[in-house]
Amino acid sequence: MATQNVTVIGLQWGDEGKGKVVDALAPSCRYVVRYCGGANAGHTVTVDGERFAMHLIPCGILNKGVMNVVANGVAFDPAVAIEEIQALRRRGFAVGPENLLISAAAHLAMPWHKQADRLSEEALGGGRIGTTGRGIGPCYGDKANRSTAIRVGELLDAERVAGRIEHITELKNRAFQALYGAAPLDGRDIAQQAGQWSAELSSMIGDSGSLLRRAIQQGRRILFEGGQGSMLDVDHGTYPFVTSSSVTACGVPVGAGVPPKAVGTVLGVIKCYSSRVGQGPFPTEQNNAIGDLIRQRGNEYGTTTGRPRRCGWFDALAVRYAVELSGVDELALSLLMDGPGRLETFRICVGYRLNNRMVEQLPQAARRYVDRLEQLLDRPVGLISVGLGRRQTILHHTHVPGLDLAVR
Ligand code: IMP
């Protein structure tokens, strides 16, 4: 099965600039699909100077003629989604069944998941994961647990889901009280909110897997939009300091309900330095004036939580691992000149041994820097982002079909 599909993933710890790359590719695709994560993601796109921070709705929504899919692998927070849909409508974007489909098999991120996330992090103290507080881990935990999970499709039967919500809230309250002495959540109130979610979202809920498989048979082009970054993958990242879903290209078939061959060209997004939010290992971290400078120039503050990101040098080992894991075909290099690319000296980590770290001077021409990255990572850099605007994208060594038409 030859495919013209594209999968866009982050190769670091998230915040690589995937949103912009997806926005550049979306006009040449019929479908844009989120297959992992939830409202923990924050994909930023700038259109004509206007900034859009998308958490749950695929970035393709900013392009006419694109069908956007929130697939089964997503932890779907209905309150955040409705807020996002309404904000888009206020800014003149049409959002409805004609351009958004939410999988009935996606799991609902519920208020008790956020409560569990918060209580668990507080209890862990210094050993905390540093989550975004969006209830992601507890939601996927319930998915695996099954009996206490609710799927999006259940919103189609408002009466039945209200009963389940009251029952599950009672179970959760008992656990929260016993474990943390926490005040109970109001199950009736949550059930009422769910009534509003049903009214707002029902027309957009459906079977996304069969839609995508049909699209593949018809030769329609699909873009799979990854969330987070490969080093945060639940199986392959820096466990336990990771998120709770499969965010690499390996997660696409399961998370979207498509055959593995549908993944298509894998485009890995990197920025020319590293950043990480939350706790966990970060070998190239610059917890000093250099890190502060990178943060300042790269505006490295969380899109979802506003937290200052930890910053450091580019880690070629970590990225090479992510390249191998997802079978990355091409790289999209972002933030080359609009952010810390203007630092006079640049370092690249090529090994982890203490006192034996090789460093690179930034070549006078950024071109040499790109050449070096291609050499180190053994993949062509397909795209280079040199600014926030849509036009500030350079096509470099790309082989993605149709991309020249898409980049304006
Ligand atoms: P969670 O996904 O909220 O459970 O957070 C787990 C870890 O993943 C934390 O270190 C978060 O900061 C990180 N994380 C989750 N989503 C993102 C993202 O979209 N960008 C960057 N870091 C993320």
Side-chain angles (χ1 to χ4, degrees), residues 8-22 34-45 52-59 70 73-77 80 84 107 109-124 126-144 225-248 251 255 269-271 273-282 285 295 298-312 315 318 322 334-335:
V8 176
I9 55 164
L11 297 183
Q12 294 163 301
W13 284 273
D15 311 309
E16 297 93 350
K18 296 179 289 297
K20 190 187 151 171
V21 174
V22 171
R34 276 282 307 270
Y35 62 90
C36 67
N40 50 350
H43 295 174
T44 310
V45 180
F52 295 82
M54 317 294 295
H55 298 288
L56 265 175
I57 310 296
C59 290
V70 177
V74 170
F76 184 78
D77 184 326
V80 171
E84 213 163 294
H107 279 254
M110 296 294 289
W112 53 76
H113 293 137
K114 279 175 257 192
Q115 166 99 325
D117 198 353
R118 185 177 60 77
L119 291 169
S120 159
E121 286 283 273
E122 272 171 21
L124 285 168
R128 71 190 183 284
I129 293 165
T131 69
T132 60
R134 297 297 189 265
I136 301 298
C139 176
Y140 285 114
D142 272 341
K143 174 179 177 176
E225 176 182 3
Q228 293 78 46
S230 300
M231 302 307 288
L232 292 172
D233 185 89
V234 66
D235 284 275
H236 306 290
T238 53
Y239 194 92
F241 299 101
V242 292
T243 189
S244 305
S245 64
S246 301
V247 306
T248 70
V269 187
I270 48 173
K271 53 188 175 190
Y273 55 94
S274 305
S275 74
R276 157 158 222 172
V277 210
Q279 310 305 112
F282 184 2
E285 181 170 17
R295 184 178 311 105
N299 192 25
E300 291 292 346
Y301 295 89
T303 313
T304 302
T305 59
R307 288 181 291 180
R309 295 181 185 137
R310 297 157 65 192
C311 293
D315 185 338
S334 83
L335 286 153

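Start at 1 and go down the list; that is how both ligands and their atoms are numbered.
- Between Asn40 and Thr243, the side chains place a donor N or O and an acceptor N or O closer than 3.5 Å (distance only, hydrogens not considered).
- Inclusion of Arg276 in the set of residues having an N or O under 3.5 Å from an N or O of ligand 1 is not warranted.
- Nearest protein heavy-atom neighbour of atom 21 (C) of ligand 1: Asp15 OD2, 3.1 Å.
- Take Pro58 and apply the side-chain contact (heavy atoms from CB on, under 4.5 Å) test, not counting sequence neighbours, and it matches Val32, Arg34, Asn68, Val70, Leu100, Glu225.
- Atom NE2 of His107 and atom CG of Asp142 lie 9.5 Å apart (nearest 0.5 Å).
- Taking Phe282 as the reference, Trp13 meet the ring pair (Phe, Tyr, Trp, His ring centres under 6.0 Å) condition, with sequence neighbours excluded.
- To the nearest 0.5 Å, atom CE of residue Met231 and atom OH of residue Tyr239 are 15.5 Å apart.
- Proximity annotation for atom 1 (P) of ligand 1: of Thr131, Asp117, Thr238, Thr131 comes nearest, heavy atoms only.
- In this structure, Ala39 and Val80 approach most closely via the heavy-atom pair CB-CG1, 4.0 Å.
- In summary, Glu16 and Lys271 do not engage in a salt bridge, as defined by a charged side-chain N under 4.0 Å from a carboxylate O.
- The residue among Leu232, Val247, Val242 with a heavy atom at the shortest distance from atom 14 (N) of ligand 1 is Leu232.
- Residue contact annotation: Arg134 has no non-hydrogen atom under 4.0 Å from ligand 1.
- When hydrogens are left out, the protein atom nearest atom 10 (O) of ligand 1 is Val277 O, 2.9 Å; that is the closest non-hydrogen contact.
- Here's the thing with Arg307: one of its N/O atoms is less than 3.5 angstrom from an N/O atom of ligand 1.
- Short contacts between ligand 1 and Gly130, defined as distances under 4.0 Å to a heavy atom of the residue, involve ligand atoms 9 (C), 10 (O), 11 (C), 12 (O).
- Ranking the protein heavy atoms by distance from atom 16 (N) of ligand 1 puts Gln228 CG, 3.2 Å first.
- On a distance-only criterion, Thr132 and ligand 1 share at least one N/O pair closer than 3.5 Å.
- Under a 4.0 Å criterion applied to the non-hydrogen atoms of Trp13, ligand 1 contributes the atoms 21 (C), 22 (N).
- The closest approach between any non-hydrogen atom of Arg309 and ligand 1 is not below 4.0 Å.
- Note: Tyr35 OH to Ile9 CD1 = 6.0 Å, rounded to the nearest 0.5 Å.
- Of the inter-residue distances, the one linking Arg134 atom CZ with Cys139 atom SG reads 14.0 Å to the nearest 0.5 angstrom.
- At least one heavy atom of Ala41 lies less than 4.0 angstrom from ligand 1.
- From Thr132, atom OG1 reaches atom NZ of Lys114 across 10.0 Å, with rounding to the nearest 0.5 Å.
- Considering backbone and side-chain atoms together, Gly137 places no N or O closer than 3.5 Å to any N or O of ligand 1.
- Close approach of ligand 1 to Thr243 (heavy-atom distance below 4.0 Å) involves ligand atoms 1 (P), 2 (O), 6 (C).
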